[in-house]
Amino acid sequence: MASFNAQADRIEEVRFAQVDDTSRLVLELSKPPQFTYFTLTNPHRLVIDLQGVDNSYSFKNLQLNSPSAGAASNISKVRHSTPKTKSDTRLVIETRKKLEPNIFTLDAADGFAHRLVIELIDPNYTAPAQVVNSSQPNRDKDIIIVIDPGHGGVDPGSVGPAGTYEKHITLSIAKMLASRVNAEPGLKAILTRNGDYYISPNDRPKLAAKNNADLLISIHADAFTTPQPRGGSVWVLSKGRADSELGRLLEQTERSSELLGPAADVIEDRDTERYFAETILNMSMDLFRSSSYELSNKVIDEMKEVTKMHKRTPQSASFAVLTAPEMPSILVEVGFISNPQEEKNLNWKEFRERLADAMFESIKSFFKKTPPDGTLWAQWKQSAPQQHRVASGESLSLLAQRYGVTVSSIKSENNLRSDLVRVGQVLTIPSS
């Protein structure tokens with residue numbers, strides 16, 4: 001049983017949505033809610049006691065199987081039951097299977113009432129198989145880029161002075177970026193959300209890891225208490241948060257084995273496995289933090305051609321969305337929605353398109369330089385001719401030995417009639 005200290009007096013509205021493994025009810029209340037809850041089985045039920053709330057709200061018009069829910073509802077019924085006291089309300093949520101409750105509150109802000117968010121999560125959910133369009137040509141392994149539009153659903157994010165919601169701006173830019181990524185051979189975009197619904201910040205990196213992402217880019221819009229601040233910024237995970245995530249992962253022995261992969265099969269001693277996992281994972285996280293920083297600089301260079309930058313170097317912070325240890329992760333603030341001019345810019349489609357272009361060009365530049373092993377882009381890079389600028393003391397025979405090719409192949413590739421080369425001359429090195 002859990003309890004929370006606040007107070008409410010009536011339910012004003014109830015909304016429902018079903019997204020993948022999560023059935024979500026949102027209760028809007030006139031005051032901050034104080035409640036307790038517990039679960040029952042045979043049949044499965046979640047019982048919530050709202051203290052100091054009248055029971056006049058009717059659930060008869062609540063649509064639990066609306067087509068807009070996006071999936072079949074795991075909730076069969078929401079009803080009242082006998083409360084502990086006459087001044088309370090007891091809600092009973094009947095479910096078709098055992099679900100794990102996650103219940104939290106959101107304060108009233110920017111036109112929203114106080115909210116009680118009730119999430120019921122299916123622990124055995126299996127995502128439906130993706131439909132593949134057979135008319136599309138087969139491609140080698142794509143570079144997977146997970147694009148995360150910040151906020152959504154009951155969480156609007158920041159709200160501009162003219163009433164613009166951050167969640168709508170981030171989703172628009174994310175979809176623009178995804179369309180560019182998916183149009184590029186060898187790249188594939190996956191959105192953490194493609195509609196207006198809520199996803200926990202902790203679940204977003206999990207979605208990226210589940211999809212074996214090579215990059216997670218989270219898109220947000222900044223805000224401040226005064227209208228003056230403006231400009232974009234790019235963020236990476238702070239070292240302190242990275243270290244704490246490392247410790248959390250290593251507390252899960254199954255997760256340690258998963259991160260080690262086949263190496264775990266030949267390590268019988270659990271202490272040795274943990275030490276080895278810590279070493280490997282630490283190196284991996286340092287590498288991905290370094291990659292995140294490198295990509296952040298590229299994003300800043302491209303974005304400053306589109307908009308003013310509030311911070312001209314990558315910033316670090318303890319953002320939950322950046323905690324996936326398996327990939328580079330960055331968070332892009334596209335501007336201050338609290339600044340009237342930047343709010344106006346963000347409501348301009350062409351400006352959002354230019355921001356998406358800037359991020360896309362940064363991603364392309366980053367992965368052309370360091371494509372993940374086994375991807376189409378890695379194959380292209382390996383097969384592409386290399387360029388070499390001749391330094392003092394170098395000869396054709398030395399270069400042939402270094403690159404594993406013959407002197408005659410270098411001469412043929414560069415139309416050389418003699419073995420002589422000059423300092424500063426650029427040679428194309430043929431594939432071995």
Side-chain angles (χ1 to χ4, degrees), residues 1-19 21-41 43-64 66 68-69 73-96 98-123 150-159 163 165-167 193 196-203 223 320:
M1 180 179 292
S3 62
F4 300 80
N5 295 318
Q7 184 177 358
D9 65 353
R10 68 181 183 277
I11 298 172
E12 298 182 333
E13 185 181 350
V14 178
R15 298 188 300 277
F16 171 77
Q18 176 77 33
V19 181
D21 62 340
T22 303
S23 302
R24 182 177 296 108
L25 284 164
V26 180
L27 278 60
E28 291 198 356
L29 301 132
S30 55
K31 295 181 180 179
Q34 180 179 358
F35 66 94
T36 60
Y37 68 91
F38 58 92
T39 58
L40 298 170
T41 57
H44 295 295
R45 288 154 290 165
L46 172 66
V47 180
I48 302 176
D49 288 309
L50 296 167
Q51 299 177 22
V53 176
D54 69 45
N55 62 0
S56 60
Y57 189 88
S58 173
F59 295 96
K60 66 179 182 179
N61 294 323
L62 180 63
Q63 296 294 319
L64 295 174
S66 169
S68 64
S73 170
N74 288 322
I75 297 177
S76 58
K77 188 175 183 180
V78 181
R79 59 179 173 84
H80 288 284
S81 184
T82 305
K84 290 189 292 187
T85 70
K86 291 182 178 180
S87 61
D88 297 344
T89 286
R90 170 166 288 188
L91 304 182
V92 178
I93 302 172
E94 299 179 5
T95 62
R96 293 186 170 90
K98 182 179 180 180
L99 302 174
E100 297 177 353
N102 176 38
I103 305 177
F104 58 94
T105 60
L106 292 171
D107 292 336
D110 303 310
F112 286 86
H114 295 280
R115 285 150 288 170
L116 178 67
V117 181
I118 305 161
E119 295 184 333
L120 290 162
I121 302 166
D122 183 356
H151 308 282
V154 295
D155 175 17
S158 300
V159 181
Y165 289 163
E166 178 184 358
K167 65 177 181 177
R193 66 178 180 94
D196 186 17
Y197 48 84
Y198 177 81
I199 301 176
S200 163
N202 290 314
D203 287 338

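Numbering of residues begins at 1 and proceeds along the displayed sequence.
- Glu94 is linked by a salt bridge (charged side-chain N to carboxylate O under 4.0 Å, His left out) to Arg79, counting only residues two or more places apart in sequence or in another chain.
- Side-chain atoms of Asp88 and Val53, non-hydrogen and from C-beta on, never get closer than 4.5 Å to each other.
- Among residues two or more places apart in sequence or in another chain, the side chain to side chain contact (heavy atoms under 4.5 Å, CB included) test is passed with Pro43 by Arg45.
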**Message:** I'd like to know whether Leu120 forms a side-chain contact (heavy atoms from CB on, under 4.5 Å) with Ile75, so could you lay out the CA-CA distance, the side-chain angles of the two residues, the decisive distance to 0.1 Å, and finally the verdict.
**Reply:** CA-CA 9 Å; Leu120 290 162; Ile75 297 177; 3.9 Å; yes
**Prompt:** For Thr105 and Phe35, what are the C-alpha separation, side-chain angles and deciding distance, and is it a side-chain contact (heavy atoms from CB on, under 4.5 Å)?
**Reply:** CA-CA 10 Å; Thr105 60; Phe35 66 94; 3.9 Å; yes
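- For Leu62, the side chain to side chain contact (heavy atoms under 4.5 Å, CB included) partners are Val14, Phe16, Leu25, Phe59, Leu64, Val78, not counting sequence neighbours.
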**Request:** Mind running side-chain contact (heavy atoms from CB on, under 4.5 Å) on Val26 and Tyr198 for me, showing each step along the way?
**Result:** CA-CA 11 Å; Val26 180; Tyr198 177 81; over 6 Å; no
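- Take Asp196 and apply the salt bridge (charged side-chain N to carboxylate O under 4.0 Å, His left out) test, not counting sequence neighbours, and it matches Lys167.
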**Prompt:** Would Leu91 and Leu46 satisfy side-chain contact (heavy atoms from CB on, under 4.5 Å), going step by step from the backbone distance to the final call?
**Reply:** CA-CA 8 Å; Leu91 304 182; Leu46 172 66; over 6 Å; no
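- The backbone N or O of Ser56 lies less than 3.5 Å from no partner atom in the side chain of His80, so there is not a single donor-acceptor pair.
- In terms of the salt bridge (charged side-chain N to carboxylate O under 4.0 Å, His left out) criterion, residue partners of Asp49 (sequence neighbours excluded) are, by chain and number, Arg90.
- With sequence neighbours excluded, the residues forming a salt bridge (charged side-chain N to carboxylate O under 4.0 Å, His left out) with Arg24 are Glu119, listed by chain and number.
- Of all heavy-atom pairs spanning Lys98 and Pro123, the tightest one is O-CD, 3.7 Å.
- Among residues two or more places apart in sequence or in another chain, the side chain to side chain contact (heavy atoms under 4.5 Å, CB included) test is passed with Ser87 by Thr85.
- Of the inter-residue distances, the one linking Leu50 atom CG with Leu29 atom CG reads 6.5 Å to the nearest 0.5 angstrom.
- For Asn55 (side chain) and Thr89 (main-chain N/O), no donor-acceptor pair under 3.5 Å exists by modelled atom type.
- Separation of atoms CG (Leu116) and CG (Leu27) is listed at 5.5 Å; rounding is to 0.5 Å.
- The distance from the CG atom of Asp203 to the CD1 atom of Ile121 is 6.5 Å, given to the nearest 0.5 Å.
- The shortest non-hydrogen separation linking Arg115 to Pro156 is NH1-CD, 4.1 Å.
- Annotation: side chain to side chain donor-acceptor pair (under 3.5 Å) contacts of Tyr197 (sequence neighbours excluded): Asn194.
- With rounding to the nearest 0.5 angstrom, the CG atom of Asn74 is 5.0 Å from the CG atom of Leu99.
- Lys77 NZ to Thr95 OG1: the interatomic distance, rounded to the nearest 0.5 Å, is 14.0 Å.
- Every residue two or more places apart in sequence or in another chain that forms a side chain to side chain contact (heavy atoms under 4.5 Å, CB included) with Thr41 is listed here: His44.
- Going from atom CD1 of Ile93 over to atom OG1 of Thr39 covers 11.5 Å, rounded to the nearest 0.5 Å.
- Shown here are the side chain to side chain donor-acceptor pair (under 3.5 Å) partners of Glu12, two or more places apart in sequence or in another chain: Arg10.
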